[in-house]
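All values below were derived from every heavy atom in this structure, side-chain atoms included, with hydrogens, water molecules and symmetry-related copies excluded. First the proteins, then the strands, lettered A, B, ... as listed; each starts at 1.
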Amino acid sequence: MAKAKKYWLLKTEPTSYSIQDLAAEPTQTTHWDGVRNYQARNILRDEMKRGDRVFIYHSNAKPPGVAGVAVVTQEGYPDFTAWDPDDKHYDPKSSQTDPRWFMVDVRLEFVFERLIGLPELRECAALRDMELLRKGSRLSIQPVRKKEFDTILKLAGMAGK
DNA sequence: GCCAACGTTGGC
DNA sequence: GCCAACGTTGGC
């Protein structure tokens, strides 16, 4: 039997890369580069598997909220932007032989018809324990429980999708 | 623009 | 290994 599908949430600042940017990609696929936090790196490298579904979350946005759903199409591999001195996320400590940072590829499934904003998420009892809503939570790659995933799909009018 | 909450860095 | 200083995140 295949491993159970897992669920994640990926934060992005829409001013640098939004779900609309993802939708505009020729294959609606992108590599999720630029993550420079060890806990998030470990998830990207070790835990996210092909077929896992992810929420795209717009952070530092007006308004902030969950914007849509994507699926993992390529499991963790070295984030080559860390090797590029001209890249914003360049890290001289990451090398090709000993890569420090990782990324996955994700393909858009759908953009929500309306963004599910933070206050609405906070109001929802079923989401009480969600990592995103924890005080001081800053992790840019987070696990999401199936129950939470289904709850948010429902809020978005995409139950069962 | 403010600032709380974290994570990282670097002196010791 | 401690911890103060600094940088970043991200909601408001």
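Going from atom CZ of A/R134 over to atom C1' of B/dA4 covers 14 Å, rounded to whole Å. Atom-to-atom, CD of A/Q39 to P of B/dG7 comes out at 7 Å; the value is rounded to the nearest Å. In this entry the distance linking CG of A/N37 with C1' of C/dG10 reads 14 Å, nearest Å. Between A/L10 atom CG and C/dT9 atom C1' the separation is 16 Å, expressed in whole Å. The distance from atom NE2 of A/H58 to atom P of C/dT9 is 17 Å, rounded to the nearest whole Å. Atoms CD (A/E131) and P (C/dT9) sit 16 Å apart, rounded to a whole Å. Rounded to an integer number of Å, the gap from A/R36 CZ to C/dT9 C1' is 16 Å. For the pair A/D91 CG and C/dT8 P, the interatomic distance rounds to 14 Å; values are reported in whole Å.
For A/K135, whose side chain is taken as the heavy atoms from C-beta onward, the closest listed nucleotide among C/dG11, B/dA5, B/dG7 is B/dA5. Distances from the side chain of A/S59 to the nucleotides B/dT8, C/dG11, C/dG7 place C/dG11 closest. When each of B/dG7, C/dG11, B/dT9 is scored by its nearest atom to the side-chain atoms of A/K93, the top-ranked nucleotide is B/dT9. Closest to the side chain of A/L118, out of B/dC6, C/dG10, C/dC12, is C/dC12.
We find that A/D98 and A/K93 are not joined by a salt bridge, their nearest charged nitrogen and carboxylate oxygen being 4.0 Å or further apart. Salt-bridge annotation for A/K146 and A/D150: present, with a side-chain N of the basic residue lying under 4.0 Å from a carboxylate O of the acidic one. Remark: A/R145 does not engage A/E131 in a salt bridge, criterion side-chain N to carboxylate O under 4.0 Å.
The phosphate of C/dG11 (OP1 or OP2) has a side-chain N or O of A/Y57 nearer than 4.0 angstrom. Dashed line: the shortest gap from a side-chain N or O of A/K11 to OP1 or OP2 of C/dT9 is not under 4.0 Å.
A ring-ring contact (aromatic ring centres under 6.0 Å, His included) check over residues 90-112 of chain A, counting only residues at least two apart or in different chains, returns the pairs A/Y38-A/W101.
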Solution key, residues 4-11 of chain A side-chain donor-acceptor pairs under 3.5 Å, sequence neighbours excluded:
unit_1, atom_1, unit_2, atom_2, d
A/W8, NE1, A/D52, OD2, 3.0
A/K11, NZ, A/R138, O, 3.4
A/K11, NZ, A/L139, O, 3.3

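Between A/Y38 and A/N60, the residue anchored nearer the 5' end of DNA chain B, judged by the nucleotide with its closest heavy atom, is A/N60.
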